[in-house]
There are 2 protein chains.
Amino acid sequence: MSEQTIKVAIVEDDREILQSLVAIIDGSPGFVCRQYYSSCEAALDALCSAPPNLVLMDIGLPGMSGIEGVRRLKERQPTLDCVMLTIQDDDDSVFQSICAGATGYLMKNTPPSQLLQAIEDVYKGGSSISAAIARKVIGSFQQTAPSPLSTREAEILGLLCDGDNYRMIAEKLFVSGNTVRAHIKNIYKKLHVNSRAQAVRVALRDRLV
Amino acid sequence: MSEQTIKVAIVEDDREILQSLVAIIDGSPGFVCRQYYSSCEAALDALCSAPPNLVLMDIGLPGMSGIEGVRRLKERQPTLDCVMLTIQDDDDSVFQSICAGATGYLMKNTPPSQLLQAIEDVYKGGSSISAAIARKVIGSFQQTAPSPLSTREAEILGLLCDGDNYRMIAEKLFVSGNTVRAHIKNIYKKLHVNSRAQAVRVALRDRLV
DNA sequence: CGATCAATTACCCATTTGGGGTATTTCGGT
DNA sequence: ACCGAAATACCCCAAATGGGTAATTGATCG
C-alpha cells in the first residue's frame, strides 16, 4: 500500500526548473509526473477535471500568482494538497500561502531526496515545511510581550470576548456592575482602545486571554 | 562553527527512556548531555542557572507537566529552546505546548538519526515538528467552512473589528447609518451572535475578515 | 415572468455602553 | 510608615447599541 505511485502535478514557468523537477519525480520509483503547466491559468481546469495526488506550485508565476492559484484550486478541489515551491521565504509569502490553503512550503534549492521525502510526507497526511519556516509559523502562536493586565482584568477581558455584558460579568464574578465597569475602563486605558470591539480584537491578537 | 558541540538537557521521568536518550545524545559526536532530570521541579532552577543549548522535555511528567514546565522555563529564559518529547500527539497537547513556548514537538518513537537532526535544526534556528504535527498547526490557519456573509457584510464586519461605530462605517461606505445597522443585524443573525464583541470574536476565529 | 435575495433606506424604543468623576480597602514594596 | 497598584463601589449623562418592523430597488434564478 505504501508502494502506491504518487501522481504529482507541477506548475512552474521556468522551463529548465520544470524539466529538472519532472525528471526527478518521473525518474523516481513510486512517483510519477504526467501533468505539468507553465501557468495557473493553464493548470486550473486541467487539475480540477483530472486531479493528481499533489501539486507542486511555484509562487512567482507570471499572470496569476501561485498563491492565488492555490486559493482557486482549493475552492474547487478542497482535498487536493498543494506544496509551494519558491526561492523566497519571506514571512508574507509563507503566511499568505498557508492561509490560501497550501499544505507545504519548500525552497527551490531543496535537494531531490528531501523533495521526494516531502512529497511522501504530504501524501501520507503530513505537512512538509522546512525547519526555518516551521519556526516562523510556530512563532506566530507565541506571545512576545508580557501582558500589561492584572489577573482580574485578564479574567474580565475573557468574559468580554465571550460577549458578556456588565451585568453578566458582575454576576459571574460576584461583584457589582460598577466594579466591572471600573475594571473595563482600566483595561481600555491599558490597551489604548475605547470600545469592546477593539478590546476583543487586541485581546485575541495578543493572546491576552 | 557548525561543528560546535550542542549541549542538550533532558527532563524525563521514565528512567529507561531517559538513559537511552542520554546514551543517544552523549554517544553522538557534536552532541552532549550533562544535565538530566526526572521532574520539572528539579530541572527549573538548574536549567536557569546553567542553561544548555536546548531542552528535551517530556510532557507526561508527574507533578508539574512538561507544558507548564516550558511556560515557567521560558518566563525566566526566553531564549532557551525547548523541544517536547511525547507519546501522544493530540491536538490539545500540541497547541498548548506551542503556546507555552515550545519550539519543537517530537514523538518518543522518533528514530535516533531524526532526533539528532531535529536537535540540530532547532539549534540552527529552525523548528523540529513532525510532518503530521506541522499539518495540524498549518490547518489551524486555514478556514474550512466558506463564509456565509455577503461581500458587503464581510466588509462591514471588517470595520466592526476595527472598532468603528455605525456613523464611521456609514461614512466610509457612503451609505446611511440605518443601512449599516441593517447589515449588522443580518451579520449577527448569520453568525448567531447578538453583540459586537461576539461578532468580532467569531470574525477573527473563522478568519472572515 | 414571478420569486427570491442583496442592498438600501427609515423609524421607534429600551438597554447598554463609555467618559467624566469620587471613594474605600487591601496588599506588597520602599 | 508611606506609596502605589489593584480591587471594590457609586454617581451622572450623552452616545451607541440591539431588536422590531417596513418599504424600495436591482439582480439573479428558476
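For the numbers below, each heavy atom of this structure counts, side chains included, while hydrogens, waters and symmetry mates do not. Values in this document were obtained by computation on a predicted structure and should not be read as measured data. Chain letters run A, B, ... following the sequence lines, proteins first, then strands; residues in each count from 1.
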request  = Assess whether side-chain contact (heavy atoms from CB on, under 4.5 Å) is satisfied between B:Leu44 and B:Met64, documenting all intermediate values.
outcome  = CA-CA 11 Å; B:Leu44 270 175; B:Met64 191 190 305; 4.0 Å; yes
inquiry  = One thing to verify: whether A:Glu68 and A:Arg72 come together as a salt bridge, which I'm taking to mean a side-chain N less than 4.0 angstrom from a carboxylate O.
reply    = yes
Divergence of helical axes at both termini of the helix from C:dC1-D:dG30 to C:dT30-D:dA1 - five pairs an end, 10° steps = 60°
Closest contact, heavy atoms only, B:Leu73 versus B:Val55 = CD2-CG2, 4.2 Å
task = Grab the two heavy atoms, one from B:Asp58 and one from B:Leu85, that are nearest each other, plus how far apart they are.
result = OD1-O, 3.1 Å
query = What are the residues of residues 171-180 of chain B, sorted by number, that bring a heavy atom to within less than 4.0 Å of DNA chain C?
reply = B:Val175, B:Ser176, B:Asn178, B:Thr179
key: Atom-to-atom span, CG of A:Asn186 to P of D:dG4 - whole angstrom   = 16 Å
Please list, pair by pair, any protein nitrogen or oxygen found under 3.5 Å from a nitrogen or oxygen in nucleotides 16-19 of chain C.
| from | atom 1 | to | atom 2 | distance (Å) |
| --- | --- | --- | --- | --- |
| C:dT16 | OP1 | A:Arg167 | NH2 | 2.4 |
| C:dT17 | OP1 | A:Arg196 | NE | 3.4 |
| C:dT17 | OP1 | A:Arg196 | NH2 | 3.0 |
| C:dT17 | OP2 | A:Tyr166 | N | 3.2 |
| C:dG18 | OP1 | A:Tyr188 | OH | 3.1 |
| C:dG18 | OP1 | A:Arg196 | N | 2.7 |
| C:dG18 | OP2 | A:Tyr166 | OH | 3.4 |
| C:dG18 | OP2 | A:Tyr188 | OH | 2.9 |
| C:dG18 | OP2 | A:Arg196 | NH1 | 3.3 |
| C:dG18 | N7 | A:Arg181 | NH2 | 2.8 |
| C:dG18 | O6 | A:Arg181 | NH1 | 3.3 |
| C:dG19 | N7 | A:Arg181 | NH2 | 2.7 |
| C:dG19 | O6 | A:Arg181 | NH1 | 2.7 |
| C:dG19 | O6 | A:Arg181 | NH2 | 3.1 |

Side-chain donor or acceptor of A:Asn165 paired with backbone N/O of A:Arg167 under 3.5 Å = yes
message = If we ignore hydrogens and angles and just use 3.5 Å, is the side chain of A:Ser49 paired with the main-chain N or O of A:Asp45 as donor and acceptor?
response = yes
key: Interatomic distance, A:Ile187 CD1 vs D:dA5 P [rounded to whole Å]   = 17 Å
task = Using modelled atom types only, decide if a donor and an acceptor are shared between the side chain of B:Asp121 and the backbone of B:Ser127 within a distance under 3.5 Å.
result = no
inquiry  = Minimum heavy-atom separation for A:Ser38 and A:Asp13, please, with both atom names.
reply    = O-CB, 3.5 Å
ask   = Roughly, in whole Å, what's the span from NE2 in B:His183 to C1' in C:dT8?
value = 7 Å
query = If you look at every strand shown and take non-hydrogen atoms under 4.0 Å, does A:Lys190 touch a base, only sugar-phosphate, or nothing?
reply = sugar-phosphate
ask   = Near A:Tyr37 OH, under 6.0 Å, is it more than 12 heavy atoms from other residues, nucleotides or ligands?
value = yes
request  = Taking only Lys NZ, Arg NE, NH1 and NH2, and the carboxylate oxygens of Asp or Glu, determine whether B:Lys124 and B:Glu120 approach each other closer than 4.0 Å.
outcome  = yes
ask   = Does anything in residues 149-163 of chain B pair up under side-chain hydrogen bond (donor to acceptor under 3.5 Å, both in side chains), and if so which pairs, sequence neighbours excluded?
value = B:Ser150-B:Glu153, B:Arg152-B:Glu155, B:Glu153-B:Lys190
query = Taking the six-membered ring of B:Tyr123, is NZ or CZ of A:Arg135 closer than 6.0 Å to its centre and within 45° of its axis?
reply = no
Between the protein and nucleotides 26-28 of chain C, are there any N/O to N/O pairs under 3.5 Å, and if so, what are the atom names and distances?
none

note = Per-nt protein contacts along nucleotides 25-30 of chain D (heavy atom under 4.0 Å; B base, S backbone sugar-phosphate only, - none) come out as ------
inquiry  = With a 3.5 Å distance limit and no angle check, can you tell me whether B:Lys74 reaches the backbone of B:Leu80 through a side-chain donor-acceptor pair?
reply    = yes
query = Taking A:Glu12 for the side chain and A:Asp14 for the main chain, is one N or O donor matched with an acceptor at less than 3.5 Å?
reply = yes
query = In whole angstroms, how far is the C1' atom of C:dA7 from the CD1 atom of B:Ile169?
reply = 16 Å
Stacked cation flag B:Arg196 on B:Tyr166, 6.0 angstrom / 45 deg = yes
ask   = Counting distance only, does the side-chain N/O of A:Glu171 pair as donor-acceptor with the main-chain N or O of A:Gly177 below 3.5 Å?
value = no
task = State whether A:Ser150 places a side-chain N or O below 4.0 Å from either non-bridging phosphate oxygen (OP1 or OP2) of D:dA7.
result = yes
